[in-house]
> 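I'd like to ask some things about the structure below.
Chain identifiers are assigned alphabetically (A, B, ...) following the order of the sequence lines, protein sequences preceding nucleic acid strands; residue numbering begins at 1 within each chain.
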Number of protein chains: 2
Amino acid sequence: MDNHAGPQGRVRLSDVARMAGVSTATVSRVLSHPDMVAEATRLAVAQALDRSGYRMNHAARNLRKGRTGCVVALVPNLGNPFFAKILVGMGRELAAAGYDLLVADTQDQGSLPATLRRFLDPSRADGIILLDGRASAAQLAPGPDRPPVVLACEWIEDAALPRVVLDNQRGAALAVTHLRALGHRHIGVIGGPPANVLHQARLAGTRDAAQDLRLTLFPGDFSLQAGQAAARHWLALAPAERPGAVFAFSDEMACAFIADLGRAGQRVPRDVSVVGFDDIELASHLLPALTTIRQPKRDLGRKAAQVVLAAIAGHEVAAVTRLEPQLMLRETTAPPG
Amino acid sequence: MDNHAGPQGRVRLSDVARMAGVSTATVSRVLSHPDMVAEATRLAVAQALDRSGYRMNHAARNLRKGRTGCVVALVPNLGNPFFAKILVGMGRELAAAGYDLLVADTQDQGSLPATLRRFLDPSRADGIILLDGRASAAQLAPGPDRPPVVLACEWIEDAALPRVVLDNQRGAALAVTHLRALGHRHIGVIGGPPANVLHQARLAGTRDAAQDLRLTLFPGDFSLQAGQAAARHWLALAPAERPGAVFAFSDEMACAFIADLGRAGQRVPRDVSVVGFDDIELASHLLPALTTIRQPKRDLGRKAAQVVLAAIAGHEVAAVTRLEPQLMLRETTAPPG
DNA sequence: AAAATGTTTGCAATCGATTGCAGACCGGTG
DNA sequence: CACCGGTCTGCAATCGATTGCAAACATTTT
């Protein structure tokens with residue numbers, strides 16, 4: 001590329017215009033509305049554009065257009081492979097639409113409210129995908145200058161914001177129904193944080209499907225450590241009181257639960273059946289392979305991106321986009337021994 | 001907050017200035033260089049600032065200052081929990097310095113060169129952290145208007161760019177030395193893609209430490225599927241030809257390898273010892289818990305962020321920042337049976 | 001040939017914050 | 001009282017692309 005840059009060392013739109021012998025307006029139009037420009041002019045400009053190696057200055061365009069070209073995803077825990085997978089689908093979809101994906105972890109950097117304030121700003125991002133249900137509806141008040149917010153995975157009961165979610169009740173029902181069909185009558189549940197909507201929805205689904213079955217709740221928070229703790233609790237029960245099947249609200253908890261039971265000599269599924277939730281990639285590569293409820297992670301990300309893009313474009317968007325869970329039957333469930 | 005917004009509905013610096021009875025210059029200085037402003041003025045402005053609920057327009061500031069406030073991380077596979085964890089450390093460090101973290105997956109969205117071109121643009125990001133070693137030095141030519149690039153985890157041999165990397169050779173040596181100490185004389189290696197620098201460095205470290213030991217290389221690519229394939233290969237060998245210990249260049253391969261051997265009736269570590277690489281969070285919660293080489297993931301992310309921030313600030317930065325691996329002794333290794 | 005219609009282009013204002021420069025103001029000194 | 005040095009503030013230009021408006025030109029109609 002030639003050096004047609006100005007003194008600042010960078011090629012500007014006006015440099016290209018000078019090269020092509022037209023005004024900056026025309027060059028801008030060639031870039032954004034090619035069909036308003038006459039064939040011959042367009043070609044001349046196109047040539048100048050690539051001879052000069054012109055790269056647009058995004059700050060300038062964004063200032064003028066009042067947009068940012070970014071969508072931010074606020075994730076409760078980036079380290080969780082489940083969320084990471086969702087981001088993949090999201091990133092693709094956004095990139096295809098010309099948007100960049102900004103990522104912020106709401107767990108560690110400051111508090112969630114602080115992070116929210118930081119990004120609920122039309123000059124920071126054109127749209128927000130919130131994967132953390134701990135925000136309050138008030139914090140998300142739809143001011144006139146607030147970029148559109150879409151809730152994904154988790155949601156907030158009283159917030160009038162579009163959601164892209166799994167049918168968690170149904171997912172739980174799938175798990176419980178499966179265990180009942182195997183003959184289990186006493187089911188342990190390793191839950192999430194009591195205030196968490198996913199916990200609540202899954203628990204509701206579990207209770208509905210359980211009907212006459214006995215349930216024992218082990219507290220949890222979706223983490224590996226919670227799985228360990230549940231294993232301790234289970235082992236501490238008198239053998240007759242131990243549920244013969246356990247439904248964990250995350251694969252990670254299921255995983256840690258199984259491993260720690262194993263260390264205590266209890267085998268899965270011989271002594272306990274286990275069902276997880278999420279279907280993280282590793283689930284099918286464990287021994288025994290984890291029976292679990294699959295969330296279509298990539299799709300969740302893709303759909304969330306589509307909804308936020310539609311909202312940005314000012315289109316009407318569905319209040320709720322619900323995805324279907326699926327029972328992945330593998331090796332950790334069996335009839336009670 | 002009062003509504004002091006202009007007709008566009010948004011409070012601008014000039015609105016605040018009018019409220020405080022000063023010029024925009026002064027308001028700007030209160031925000032960016034408070035010590036140039038007299039006490040009394042500063043207070044008046046500060047009051048106007050929060051009474052109006054002013055939020056700065058980033059596009060405008062960025063245009064004027066010639067920066068973006070973003071750093072982009074180019075990740076080969078976001079779905080990999082290893083990379084996800086690195087991003088956590090990175091995100092924190094950047095947020096603390098007032099930078100946003102942009103994430104792009106180089107695996108799926110278009111080709112790596114396309115993604116590179118997209119982000120090697122001073123108006124898109126102020127700095128780049130490249131975690132994908134498949135770029136060529138030529139693509140990263142240090143033009144005058146190219147934001148600083150830092151290589152992390154992976155690197156590119158002939159590129160004169162700062163790196164933040166693990167001492168991979170030493171990591172491999174730790175693994176092999178451990179296996180030798182247990183009495184193993186024939187070690188299988190499940191590698192990465194042959195062209196991958198991590199593969200090469202770890203293989204070199206393995207060879208150095210192996211000396212007189214026998215090595216058998218199973219091809220791989222760090223994925224779960226590669227671990228499965230390696231299991232098939234291992235099982236296909238005549239029993240006398242099977243290495244009694246296997247060193248996998250990623251935890252995911254180790255994991256899948258162990259699971260599939262288990263399905264074929266081979267137990268770890270009774271029949272084979274296995275060492276992984278990375279120490280993903282799940283590694284210690286498997287059964288048996290995976291012995292592995294730990295990479296300080298969060299630190300890697302933090303350090304990479306620090307280096308790129310220093311480069312952005314125009315400071316001299318170390319050509320290489322090397323982090324130390326650590327052998328995590330767990331349950332998958334034992335003396336040969 | 002004049003008028004009407006449609007297409008293409010350029011002028012110049014605009015988005016909102018930052019900053020070099022110079023003027024205003026202060027108290028203190030000769 | 002004039003002058004000096006220092007501190008604080010405002011003016012106005014600037015970053016670079018976009019776009020409403022109107023001028024210039026081409027084409028068709030009457």
Side-chain angles (χ1 to χ4, degrees), chain A residues 4-46 48-49 52-69 98 121-124 126 145, chain B residues 4-46 48-49 52-69 98 121-124 126 145:
Chain A
H4 291 277
Q8 296 77 10
R10 191 167 161 103
V11 186
R12 288 156 311 172
L13 199 60
S14 61
D15 298 316
V16 178
R18 193 160 13 77
M19 281 178 63
V22 299
S23 72
T24 61
T26 300
V27 180
S28 172
R29 283 191 276 252
V30 168
L31 290 166
S32 314
H33 314 280
D35 35 346
M36 321 178 50
V37 178
E39 177 79 9
T41 318
R42 192 184 337 154
L43 281 166
V45 171
L49 276 170
S52 65
Y54 171 72
R55 314 264 358 230
M56 171 148 72
N57 181 317
H58 291 89
R61 158 184 285 210
N62 292 341
L63 170 58
R64 180 59 225 241
K65 292 200 149 185
R67 46 158 261 163
T68 69
D121 177 340
S123 85
R124 180 87 71 173
D126 298 330
D145 48 310
Chain B
H4 292 278
Q8 298 77 9
R10 193 168 159 100
V11 185
R12 287 155 312 172
L13 199 60
S14 60
D15 298 317
V16 178
R18 193 160 12 78
M19 281 176 63
V22 299
S23 72
T24 62
T26 299
V27 180
S28 173
R29 282 192 277 253
V30 169
L31 289 167
S32 314
H33 313 280
D35 36 345
M36 312 179 58
V37 179
E39 178 78 7
T41 319
R42 193 183 339 157
L43 282 166
V45 171
L49 275 171
S52 65
Y54 172 72
R55 312 268 354 232
M56 171 148 69
N57 181 318
H58 290 88
R61 160 186 283 209
N62 292 340
L63 171 58
R64 179 59 225 241
K65 292 195 137 183
R67 46 158 260 162
T68 70
D121 177 340
S123 85
R124 181 88 70 174
D126 298 331
D145 46 311

> Specify the separation, in whole Å, of atom CZ of B:R12 and atom P of C:dC15.
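In whole Å, C:dC15 P and B:R12 CZ are 7 Å from each other.
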> Let me know the distance between CG of A:D35 and P of C:dT8, rounded to the nearest Å.
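Value for this atom pair: 10 Å.
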> Taking atom types as modelled and ignoring hydrogens, do the side chains of B:D126 and B:T68 form a donor-acceptor contact shorter than 3.5 angstrom?
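Judged by distance alone, the side chains do pair up.
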> Does the side chain of A:M19 come within less than 4.5 Å of A:V16's, by heavy atoms?
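Side-chain contact under 4.5 Å: no.
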> Take the protein atom CE of A:M36 and the nucleotide atom C1' of C:dG6, then report the distance between them rounded to whole Å.
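For the pair A:M36 CE and C:dG6 C1', the rounded distance is 13 Å.
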> Locate the shortest heavy-atom distance separating B:N62 from B:R67; write the atom from each residue and the value.
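Heavy atoms of B:N62 and B:R67 come nearest at CB-O, 2.8 Å.
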> Of the listed nucleotides (D:dC8, C:dA17, C:dC11), which one gets closest to any side-chain atom of A:S23?
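Comparing D:dC8, C:dA17, C:dC11 against the side chain of A:S23, the answer is C:dC11.
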> Starting from C1' on D:dT14, measure out to CG on A:N57 and report it in whole angstrom.
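The answer, rounded to whole Å, is 13 Å.
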> Where each residue is assigned the nucleotide of DNA chain D containing its nearest heavy atom, which of A:R55 and B:R42 is assigned the position nearer the 5′ end?
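Result of the comparison: B:R42.
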> Is any side-chain heavy atom of B:M56 less than 4.5 Å from a side-chain heavy atom of A:S123?
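With C-beta onward as the side chain, the pair stays apart.
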> Starting from the first five and the last five pairs of the helix from C:dA1-D:dT30 to C:dG30-D:dC1, work out the angle between the resulting helix axes, to 10 degrees.
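Between the axes fitted at each end of the helix from C:dA1-D:dT30 to C:dG30-D:dC1 lies an angle of 70°.
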> Side chain of A:L63 only, heavy atoms from C-beta on: which candidate in D:dC8, C:dC15, C:dG10 is closest?
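That would be C:dC15.
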> Suppose the criterion is salt bridge (Lys or Arg N to Asp or Glu O under 4.0 Å): which pairs have a residue in residues 52-65 of chain A, not counting sequence neighbours?
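The answer is A:R55-B:D121.
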> In B/S/- notation, 5' to 3', how is nucleotides 18-23 of chain C contacted by protein heavy atoms closer than 4.0 Å?
BBB---
> A:L13 and A:Y54: which non-hydrogen atoms are nearest, and at how many Å?
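For A:L13 and A:Y54, the tightest heavy-atom pair comes out as N-CE1, 3.5 Å.
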> Give a yes or no answer on whether the side chain of B:S52 reaches the backbone of B:A48 with a donor-acceptor pair at less than 3.5 Å.
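Confirmed, B:S52 side chain pairs with B:A48 backbone.
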> Return the CZ to CE distance between A:R29 and A:M36, rounded to the nearest 0.5 Å.
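The CZ atom of A:R29 sits 5.5 Å away from the CE atom of A:M36.
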> With heavy-atom distances below 4.5 Å as the criterion, would you say the side chains of A:V45 and A:V22 are in contact?
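Yes - at least one pair of side-chain heavy atoms lies under 4.5 Å apart.
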> If I take atom CG in residue A:D121 and atom P in nucleotide C:dG16, what distance separates them, rounded to the nearest angstrom?
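Rounding to the nearest Å, CG of A:D121 and P of C:dG16 are 13 Å apart.
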